[in-house]
Amino acid sequence: MALITGGVKRIGAAIARQLHAQGINLVLHYHHSETAAHALQAELHNQRPNSVLLFQADLRQIPKLTSMVRQIMEHYKRLDIVVNNASAFYPTPLGKVDEKDWEDLLDTNLKAPFFLSQAVAPHLSENHGCIINLVDIHADRPMKSHPVYNITKAGLVMLTKTLARELGPKKVRVNAIAPGAILWPDKDMDEVSKQRIVSNIALKCHGDPKDIAKAVLFLVRDGGYITGQVITVDGGRTLNQ
Ligand SMILES: NC(=O)c1ccc[n+]([C@@H]2O[C@H](COP(=O)([O-])OP(=O)(O)OC[C@H]3O[C@@H](n4cnc5c(N)ncnc54)[C@H](OP(=O)(O)O)[C@@H]3O)[C@@H](O)[C@H]2O)c1
């Protein structure tokens, strides 16, 4: 039984399809994407009825997280995998950052994964489960004009390592995946910028959400002795910077 935050679109949906295809039942969390959530649930129920539960929440509201975990346990009675995938992403040029941006990005990308991990840890421990955090190659190589986003992902890397240490004795593994250029943002990116990024990637192409989903599956299924690690999936982009 796996919980994926932001799990109904883009990379989250690819992770959902990959785990579901392995026979794993899902709780797919979403925030605004209700139509996409019901469409993905219907698609997966066509393959295996009653295998996907949907949960709507703004992850910045911590009591909603604990309520989500309580409802999952009431429904499924177990939890094995948590993927902290949901994320906010937009530029915050220095000099123009206000507290609202700071709180939005920090709360979504760092505070929510921390409190969700804290809430699920005792349940994961019962099944020797795992947590996987979606970080970013920009966690340690700052993306220009995105200081607050960069800081959130750097924090999420430390969250991964520190919780791996805390939860190791409880047989819960905590790892991260750092994608490079997989899917372009929905808006705000011109063709020239995309070409510039691709020319800096060793494999000379952007990745596919399935590349991230396969890395998640590796950590879930084959990574039994891996914890506290960040797996970079970037086509060699970080070799060039
Ligand atoms: N795309 C890439 O190439 C790339 C590169 C590096 C790292 N990553 C990381 O990989 C992960 C997936 O990337 P992505 O591009 O697929 O993500 P995304 O589309 O930017 O965001 C995923 C989901 O996060 C949810 N979300 C945002 N704010 C939320 C909030 N306050 N409460 C609850 N949910 C919220 C949204 O749900 P709703 O749609 O339901 O509102 C959204 O669909 C992210 O952690 C991202 O940082 C991606």
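These values consider heavy atoms only, across backbone and side chains, with no hydrogens, waters or symmetry-generated copies. Read the numbers this way: they start at 1 and go in the same order the structure lists the ligands and their atoms.
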So which protein heavy atom does atom 2 (C) of ligand 1 come closest to, and at what separation? Leu183 O, 3.4 Å
Does even one non-hydrogen atom of Gln56 get within less than 4.0 Å of ligand 1? no
Please list the nearest protein heavy atom to atom 41 (O) of ligand 1 with its residue and the distance rounded to 0.1 Å. His32 N, 2.8 Å
Go through ligand 1 atom by atom and flag the ones less than 4.0 Å from a non-hydrogen atom of Ala57. 32 (N), 33 (C)
Same apolar cluster: Tyr76 and Ile131, side chain cutoff 4.5 Å: yes
Would you call Arg60 and Glu103 a salt bridge, taking side-chain N to carboxylate O under 4.0 Å as the test? no
Looking at ligand 1, is there an atom of it that comes within less than 4.0 Å of some heavy atom belonging to Val135? yes
Among Val135, Val230, Leu219, find the one that has a side-chain contact (heavy atoms from CB on, under 4.5 Å) with Ile177. Leu219
What is the nearest protein non-hydrogen atom to atom 25 (C) of ligand 1, stated with its residue, atom name and distance? Ala86 CB, 3.7 Å
Write out the residue and atom name of the closest protein heavy atom to atom 21 (O) of ligand 1, then the distance separating them to 0.1 Å. Ser87 O, 3.5 Å
Heavy-atom check, side chain of Ile212 versus side chain of Ile182, under 4.5 Å: yes
Pairwise distance CG(Leu105) to NZ(Lys100) - rounded to 0.5 angstrom: 10.0 Å
How long is the straight-line distance from CG of Leu167 back to OG1 of Thr227, given to the nearest 0.5 Å? 8.0 Å
Which of the numbered atoms in ligand 1 are under 4.0 angstrom from any heavy atom belonging to Arg60? 31 (N)
Looking only at distance, does Arg10 have an N or O less than 3.5 Å from an N or O of ligand 1? yes
Any link between Ile81 and Met1 through a network of hydrophobic side chains (Ile, Leu, Val, Met, Phe, Trp, Tyr) touching at under 4.5 Å? no
Under-4.0 Å salt bridge between Lys96 and Asp101: no
Check step by step if side-chain contact (heavy atoms from CB on, under 4.5 Å) holds for His123 and Arg78. CA-CA 7 Å; His123 307 298; Arg78 66 177 293 149; over 6 Å; no
Heavy-atom nearest neighbour in the protein, as seen from atom 6 (C) of ligand 1, with distance rounded to 0.1 Å: Asp136 OD2, 3.0 Å
What protein heavy atom lies closest to atom 4 (C) of ligand 1? Include the residue and the distance to one decimal. Gly180 O, 4.0 Å
Below 4.0 Å from ligand 1: does a non-hydrogen atom of Ala36 turn up there or not? no
Of all the non-hydrogen atoms in the protein, which one sits nearest to atom 23 (C) of ligand 1, and at what distance? Gly6 CA, 3.9 Å
Consider only side-chain N and O atoms of Asn133 and Thr160, and report whether a donor and an acceptor are under 3.5 Å apart. yes
With only distance considered, is Tyr30 within less than 3.5 Å of ligand 1 through an N or O on each side? no
Ligand-side contact atoms (ligand 1) for residue partner Asn85, heavy atom cut-off under 4.0 Å: 11 (C), 12 (C), 44 (C), 45 (O)
Numbering as shown, the atoms of ligand 1 that approach His29 to under 4.0 Å (heavy-atom distance): 33 (C), 34 (N)
Within 4.0 Å of some non-hydrogen atom of Leu59, the atoms of ligand 1 are 30 (C), 32 (N), 33 (C)
Asn150 and Arg141: side-chain donor and acceptor closer than 3.5 Å? no
Can you confirm whether something in the protein, heavy atoms only, sits under 4.0 Å from atom 36 (C) of ligand 1? no
Would you say the side-chain atoms of Gln195 and Ser199 include a donor-acceptor pair closer than 3.5 Å? no
Does the side chain of His146 come under 3.5 Å of the side chain of Thr92 through a donor N or O and an acceptor N or O? no
Looking at ligand 1, does Pro185 have a heavy atom less than 4.0 Å from it? no
Would one find an N or O of Pro179, backbone or side chain, under 3.5 Å from an N or O of ligand 1? no
Ala88 N/O to ligand 1 N/O under 3.5 Å: no
Short N or O distance, Ala181 and ligand 1, threshold 3.5 Å exclusive: no
Decide if atom NZ of Lys170 counts as having more than 12 heavy atoms of other residues, nucleotides or ligands within a radius under 6.0 Å. no
Is there a protein heavy atom less than 4.0 Å away from atom 27 (C) of ligand 1? yes
Give the numbers and elements of all ligand 1 atoms closer than 4.0 Å to a heavy atom of Thr108. 28 (N), 29 (C), 30 (C), 31 (N)
Sub-4.0 Å heavy-atom contact, Tyr149 with ligand 1: yes
So is Lys153 touching ligand 1 or not, going by heavy atoms under 4.0 Å? yes
For the hydrophobic clusters of this structure (ILVMFWY residues joined by side-chain heavy atoms under 4.5 Å, transitively), does one cluster hold both Val69 and Phe114? yes
Run the side-chain hydrogen bond (donor to acceptor under 3.5 Å, both in side chains) test on Ser67 and Gln71 for me, step by step, so that the C-alpha distance in whole Å, both residues' side-chain angles and the decisive distance to 0.1 Å come before the verdict. CA-CA 6 Å; Ser67 155; Gln71 289 182 47; 3.3 Å; yes
Nearest to atom 48 (C) of ligand 1, what protein heavy atom do you find, and at what distance? Ile11 CD1, 3.8 Å
